[in-house]
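One structure below.
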Amino acid sequence: MSNSDNNQELKAGFLIFAVLTIKIFLGTIMPIYAIIKDIQYGNTIWVIADFIFFVPVGTIRGLMYLF
């Protein structure tokens, strides 16, 4: 293998790692963060919405609470 092939594999590996990290962050951590914040603020309806529509609603609300 040449050095160019190793560099391309390294770049591809880093790209895959970055995409998966963002996907895990937005798809898992943000909805859980939104649920925790809604529980702290006493918003029971939003907790149910975050839980039922975990990814779309939870992600957006988690980002809203983060920023």
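These numbers were taken from a predicted model, which means no experiment stands behind them.
In this structure, CG in N7 is found 6.5 Å from CG in L10, a value given to the nearest 0.5 Å.
For residues 15-36, no pair satisfies side-chain hydrogen bond (donor to acceptor under 3.5 Å, both in side chains), with sequence neighbours left out. Sequence neighbours left out, the pairs with a member in residues 43-66 that pass salt bridge (Lys or Arg N to Asp or Glu O under 4.0 Å) are D38-R61, D50-R61.
Between G62 and A34, the shortest heavy-atom distance links the atoms N-CB, 3.5 Å. Nearest heavy atom pair, residue F54 against residue G27, reads CE2-O, 3.5 Å.
Counting Ile, Leu, Val, Met, Phe, Trp and Tyr side chains that sit under 4.5 Å apart, directly or through other members, V19 shares a hydrophobic cluster with L15. Listed by chain and number, the hydrophobic cluster partners of I52 are W46, I48, F53, V57, where partners are ILVMFWY side chains within reach of under 4.5 Å, directly or through others.
Hydrophobic clustering, with ILVMFWY side chains joined whenever heavy atoms are under 4.5 angstrom apart, groups V55 together with I35. I22 is connected to I29 through a chain of hydrophobic side-chain contacts under 4.5 Å among Ile, Leu, Val, Met, Phe, Trp and Tyr, so both are in one cluster.
Residues passing the side chain to side chain contact (heavy atoms under 4.5 Å, CB included) test with I36 are I32, Q40, sequence neighbours excluded. Shown here are the ring pair (Phe, Tyr, Trp, His ring centres under 6.0 Å) partners of Y41, two or more places apart in sequence or in another chain: Y65.
With T59 contributing its side chain and M30 its backbone, the two residues share no donor-acceptor pair below 3.5 Å.
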